[in-house]
Number of protein chains: 2
Amino acid sequence: MNLINVLKKSGYRVTTSREIICRILEEAGHEHFTADSLFKLARKHSNEIDLATIYRTFELLEELGIIEHSHQAHSSGIYYLKGNKTNTHIACEKCGDIEDISSKTISKVNELISKDTNYEIEKNHFVYSGFCKKCK
Amino acid sequence: MNLINVLKKSGYRVTTSREIICRILEEAGHEHFTADSLFKLARKHSNEIDLATIYRTFELLEELGIIEHSHQAHSSGIYYLKGNKTNTHIACEKCGDIEDISSKTISKVNELISKDTNYEIEKNHFVYSGFCKKCK
DNA sequence: GTTCGTGCAAACGATTTGCATTACT
DNA sequence: AGTAATGCAAATCGTTTGCACGAAC
């Protein structure tokens, strides 16, 4: 399903900036973007586009339920399509690589924590960190 | 064991600011401080003390292995004595209350994630978030 | 022709840093 | 006296916002 069509159907205008951002998200070779990494890619298609527009478009796409974001401990947020895959990630403290954590694992994790603390966890808003195979 | 003595023994100078900060940490009614919350408390003892000093002292105490810090998703870092208790926390998204997560739970959690991803986790640098009993 | 979305620049909150002065030792 | 530590102000990083102009409808 085409992101631009979702925007159109929801009554939002189709602009050059939004087209570029949506195309990049859809063609995503790598799945996770910081605002800045997507900005740099977008600049290759247009040197008019602004970082603020990336943030505003992320916000819009998040409201529409298309993307999500999480926070890294000493670094910037990551944004990614909210697909069928998991929405919790782990980043390597050394090389910065980001991997998915399976949703089964996350359910177990959140259940463990809920049991222990009596808190109800809806979603993990952060990125785990550790050392990947290569770096550990 | 007295924090000021640790500083002294490690060759660091004992200053008014450090005394105030250490006393607050030791007397901690609540266990978790943001730089700013400790700053506000410190200001009650001296209106000379500066936020930068809080950060610098936190950094020093962390190097000495006395305190640790973690990051909250949409908020500031929390600093706490690295005692016998757990070093991973959960914050309520509504009221902001922070609870400890037991170290047994965290070991299990980290093991689950390590198995799933092949990443090695040393420490969780973030604060979980969810809704506490009252707020959920 | 309206209104929405943009680029730009400035404001933001949390944290860090440069620097000249102060105060431990 | 010598130097580490401070307060202050300015800088930084990631992100957000105000605003006047331009583009989508």
Side-chain angles (χ1 to χ4, degrees), chain A residues 3-22 32-40 42-64 67-79 91 96 125-127, chain B residues 3-22 32-40 42-64 67-79 91 96 125-127:
Chain A
L3 294 193
I4 285 295
N5 284 336
V6 177
L7 286 180
K8 213 177 288 183
K9 230 180 279 179
S10 310
Y12 294 98
R13 292 189 180 172
V14 175
T15 66
T16 310
S17 297
R18 288 182 176 166
E19 282 182 326
I20 292 172
I21 295 169
C22 288
H32 316 95
F33 300 93
T34 61
D36 194 66
S37 71
L38 199 141
F39 173 59
K40 289 201 171 74
R43 267 291 163 98
K44 293 182 179 171
H45 297 83
S46 151
N47 48 359
E48 304 283 284
I49 201 167
D50 192 82
L51 232 198
T53 303
I54 309 288
Y55 278 107
R56 285 189 273 233
T57 306
F58 278 167
E59 193 185 11
L60 173 59
L61 294 175
E62 193 154 25
E63 273 169 32
L64 292 174
I67 65 172
E68 275 189 339
H69 78 281
S70 314
H71 297 270
Q72 295 185 255
H74 289 92
S75 178
S76 43
I78 60 167
Y79 298 78
H125 299 279
F126 53 80
V127 178
Chain B
L3 294 195
I4 284 296
N5 284 337
V6 177
L7 286 180
K8 213 178 288 185
K9 233 180 278 182
S10 310
Y12 294 99
R13 293 189 179 172
V14 175
T15 66
T16 310
S17 297
R18 288 182 175 165
E19 282 182 327
I20 292 172
I21 295 168
C22 288
H32 316 96
F33 300 92
T34 61
D36 195 66
S37 71
L38 199 142
F39 174 58
K40 289 201 172 73
R43 267 291 164 99
K44 293 183 180 170
H45 297 83
S46 150
N47 47 359
E48 302 282 284
I49 201 166
D50 192 81
L51 233 200
T53 303
I54 310 288
Y55 278 107
R56 284 190 274 234
T57 305
F58 277 168
E59 193 186 12
L60 173 60
L61 293 175
E62 193 153 27
E63 273 167 32
L64 292 174
I67 66 173
E68 275 190 336
H69 78 280
S70 313
H71 297 269
Q72 294 185 255
H74 289 92
S75 177
S76 43
I78 59 167
Y79 297 79
H125 299 279
F126 53 79
V127 178

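The chains referred to below are lettered A, B, ... by the order of the sequence lines, with proteins before strands, and numbering in each begins at 1.
Checked against side-chain contact (heavy atoms from CB on, under 4.5 Å), B/K8 has the following partners two or more places apart in sequence or in another chain: B/I4, B/N5, B/V14. Residues satisfying the side-chain hydrogen bond (donor to acceptor under 3.5 Å, both in side chains) test with B/D50, not counting sequence neighbours, are none. With sequence neighbours excluded, the residues that form a side-chain contact (heavy atoms from CB on, under 4.5 Å) with B/F39 are B/D36, B/R43, B/I49, B/L51, B/I54. Contacts of B/S70 classified as side-chain hydrogen bond (donor to acceptor under 3.5 Å, both in side chains), with partners at least two apart in sequence or in another chain: B/Y80. Scanning for side-chain contact (heavy atoms from CB on, under 4.5 Å) contacts around A/S10 gives A/V6, A/Y12, A/L64, with sequence neighbours left out. B/E62 is linked by a side-chain hydrogen bond (donor to acceptor under 3.5 Å, both in side chains) to B/H69, counting only residues two or more places apart in sequence or in another chain. Scanning for side-chain hydrogen bond (donor to acceptor under 3.5 Å, both in side chains) contacts around A/S17 gives an empty result, with sequence neighbours left out.
Aromatic pair A/H71/B/H74: centroids less than 6.0 angstrom apart.
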Q.
I'd like to compare against my own output: the B/S/- annotation of nucleotides 20-25 of chain D with a strict under-4.0 Å heavy-atom distance to protein.
A. ---BBS
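Across all strands, B/I49 comes closer than 4.0 Å only to sugar-phosphate atoms, never to a base (heavy-atom distances).
Distance A/H125 NE2 to D/dT15 P: 16 Å, rounded to the nearest Å. Between B/L51 atom CG and C/dA14 atom P the separation is 10 Å, expressed in whole Å.
Less than 4.0 Å separates DNA chain C from no heavy atom of any residue of residues 68-76 of chain A.
Note that CD1 of B/I21 and NE2 of B/H45 are 11.5 Å apart. Values are rounded to the nearest 0.5 Å.
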Q. Please walk me through it: do B/R18 and B/L60 pass side chain to side chain contact (heavy atoms under 4.5 Å, CB included)?
A. CA-CA 10 Å; B/R18 288 182 175 165; B/L60 173 60; 3.6 Å; yes
With the criterion being N/O to N/O and under 3.5 Å, what pairs connect the protein with nucleotides 17-20 of chain C, and how long is each?
{"residue": "C/dG18", "atom": "O6", "partner": "B/R56", "partner atom": "NH1", "Å": "3.2"}

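In this structure, A/S17 reaches the C/dG7 phosphate: one of its side-chain N or O atoms is under 4.0 Å from OP1 or OP2.
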